[in-house]
Every structure is written in C-alpha cells, then in structure tokens.
Visitor: 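Dropping a structure here in structure tokens format, bear with me for questions.
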Amino acid sequence: MPGFFSPHNNMAELNVKEDCKLAEGKIPKKKQKAFGADLKNYLRCMVPHIESGMKTSNSRSVMLSAEEVIQWSQSLEKLLASQSGQGVFREFLKSEFSEENIEFWLACEDYKKTKSDHLHGKAERIYEEFVQSDAIKQINIDYQMREATAKKAQDPTHTSFDEAQRTVYILMERDSYPRFLKSKAYLNLLNQLQNTTSK
C-alpha cells in the first residue's frame with residue numbers, strides 16, 4: 001500500500017470520495033473487491049478523519065491517532081473498544097474468511113443492551129444467523145455449546161449468549177488477533193500514523 005497517504009490531485013481526490021462513499025455503503029458495489037482494496041479504501045476514508053476530525057456517516061467525530069493504534073496491540077479488549085479498531089479488525093477477519101466471529105461478538109454486545117420485551121426477537125435472529133447448525137455465518141463452537149445456546153435462546157435472558165460469546169472471544173484472542181498484529185494492514189497503518197505525527 002505504499003503511497004496511499006500521499007497528497008492527492010483533484011482527480012484522485014474525487015476517486016477517494018467515491019471510495020469513501022462505497023465503504024460507507026452509499027454506493028452499491030457492482031462487484032466484490034479484493035480484501036486489499038477494501039481495506040485500503042477503509043483506511044483511506046479514515047485519513048481525513050485523522051487529520052481534520054471530520055464527521056463520519058454516524059455523525060460522530062473519529063480521531064485516529066498513533067497512540068490509539070498502539071493501544072490496540074495491548075489487548076483484544078482495547079482493540080474492540082475502539083470503533084475504528086473494530087472496523088480495521090473486521091476487514092482483516094474478512095481476509096481470513098472469519099468475519100462471522102466479530103459480527104457475532106458485536107451482535108451479542110448489542111443484545112445485552114436490548115430491552116427485555118425485545119429479547120426474544122433478537123435472540124431468534126442471532127441464533128438463526130450464527131448459532132444453528134446450518135447458519136449462514138455459523139460460528140465455531142462445539143455441539144454441546146450449540147445445543148445449550150439453542151435452549152437458552154428459546155427462553156432468552158440478557159445472558160443467553162454469554163458462554164458462546166466468551167468462546168468466540170477466546171478464539172479471536174488466541175488465533176486471529178496475534179495474526180492481525182503482525183499483518184501488513186495493522187503495521188502499515190501504525191507506520192503511516194507515526195510518520196504523520198512526527199511531521
């Protein structure tokens with residue numbers, strides 16, 4: 001990804017704006033892009049936010065600093081506590097065909113904040129999308145946990161998915177997270193931010 005943080009001419013800036021809209025889901029994708037291009041576009045969209053604190057599509061300012069990116073290397077918990085960290089890690093997991101792990105983890109975090117009268121509908125959706133044996137985004141849990149989670153989802157409480165979520169978290173922490181920290185995507189982002197800070 002050399003040079004993608006370099007100053008852009010007007011035509012390149014126009015393409016960057018289009019890529020940012022694409023990354024934010026405002027322009028329909030005509031064809032699936034390679035992981036490198038997707039991550040490059042995501043990070044390219046983050047650069048203006050780093051430098052100017054512009055508002056993102058969800059109307060919150062995102063200021064990404066080298067310090068924050070360094071903190072991601074301290075623990076998976078710190079990485080997932082960062083909105084930007086979640087986005088970069090999700091793109092990395094897509095490259096490994098395991099994005100269902102972070103999607104399930106985030107769905108569980110959202111589920112815990114759900115009002116009691118909406119638990120049943122969300123529990124059913126999470127079960128069908130991630131837990132059941134023929135789920136499109138099936139998570140990697142053993143048979144006993146799948147069965148136990150299925151029973152808990154039938155009579156949902158705020159803790160119905162806690163055990164499965166913990167298992168997926170440990171899987172990410174032991175497997176994907178160490179590879180993410182050694183990945184070109186993470187190291188290049190950190191290097192670019194450190195260079196920007198030192199200028």
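Values below: every heavy atom of this structure, side chains too, minus hydrogens, waters and symmetry copies. All figures in this text were calculated on a predicted structure; none of them were measured in a lab.
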Visitor: To check you understand the geometry: which heavy-atom pair defines the closest contact between L181 and S73, and what is its length?
Guide: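 Shortest heavy-atom separation between L181 and S73 comes out as CD2-CA, 3.6 Å.
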Visitor: Tell me whether the centres of the aromatic rings in Y111 and F161 are closer together than 6.0 Å.
Guide: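 So the answer is yes for these two rings.
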Visitor: Rounded to the nearest 0.5 Å, what separates atom CZ in F180 from atom OG in S95?
Guide: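 Reported to 0.5 Å precision, the distance equals 10.0 Å.
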Visitor: Using only atom types and a distance under 3.5 Å, with no angle test, would you say the side chain of Y177 pairs donor to acceptor with the backbone of S75?
Guide: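 Judged by distance alone, yes, a pair lies under 3.5 Å.
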Visitor: L80, L106: one ILVMFWY side-chain cluster at the under-4.5 Å cut-off?
Guide: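 Linked, L80 and L106 end up in one cluster.
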Visitor: Are L171 and F92 connected in a single hydrophobic cluster, I mean Ile/Leu/Val/Met/Phe/Trp/Tyr linked by side-chain heavy atoms less than 4.5 Å apart?
Guide: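 No; tracing contacts between hydrophobic side chains, which count when under 4.5 Å, never links both residues.
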Visitor: Under a 4.0 Å N-O cut-off, is there an ion pair linking K137 with E129?
Guide: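 Salt bridge between K137 and E129, a charged N being under 4.0 Å from a carboxylate O: yes.
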Visitor: Measuring from atom CG of N101 to atom CZ of F89, what distance do you get when rounded to the nearest 0.5 angstrom?
Guide: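 With rounding to 0.5 Å, CG (N101) is 8.0 Å from CZ (F89).
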Visitor: Measuring from atom CD1 of I126 to atom CD of E103, what distance do you get when rounded to the nearest 0.5 angstrom?
Guide: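 Answer rounded to 0.5 Å: 12.0 Å.
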Visitor: CD1 of I141 to CZ of R166: how many Å apart, nearest 0.5 Å?
Guide: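 Nearest 0.5 Å value for the CD1-CZ distance: 12.5 Å.
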Visitor: In this structure, would I170 and F104 fall into the same cluster of hydrophobic residues linked by side-chain contacts under 4.5 Å?
Guide: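 No, no single cluster joins them.
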Visitor: Check the pair H120, E124 against side chain to side chain contact (heavy atoms under 4.5 Å, CB included), reporting the backbone distance first and the verdict last.
Guide: CA-CA 6 Å; H120 194 273; E124 188 175 323; 3.7 Å; yes
Visitor: Can you get from L187 to L64 by hopping between Ile, Leu, Val, Met, Phe, Trp and Tyr side chains that sit under 4.5 Å apart?
Guide: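 Yes, it is one cluster - the side chains of L187 and L64 are joined through contacts under 4.5 Å.
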Visitor: Nearest 0.5 Å please: distance from the CG atom of D162 over to the SG atom of C108.
Guide: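 Here the interatomic distance stands at 7.5 Å.
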Visitor: Take a 6.0 Å sphere around NE2 of H118 and say whether it holds more than 12 heavy atoms from other residues, nucleotides or ligands.
Guide: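 No, because the 6.0 Å sphere around NE2 of H118 holds 12 heavy atoms or fewer from other groups.
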Visitor: Does one side chain, of S84 or E68, offer a donor that lies under 3.5 Å from an acceptor on the other?
Guide: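 The criterion, which ignores hydrogens and geometry beyond distance, is not satisfied for E68 and S84.
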Visitor: So, taking the atom named OG1 in T149 and the one named CD in E163, what distance separates them when rounded to the nearest 0.5 Å?
Guide: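 One gets 6.5 Å once the value is rounded to the nearest 0.5 Å.
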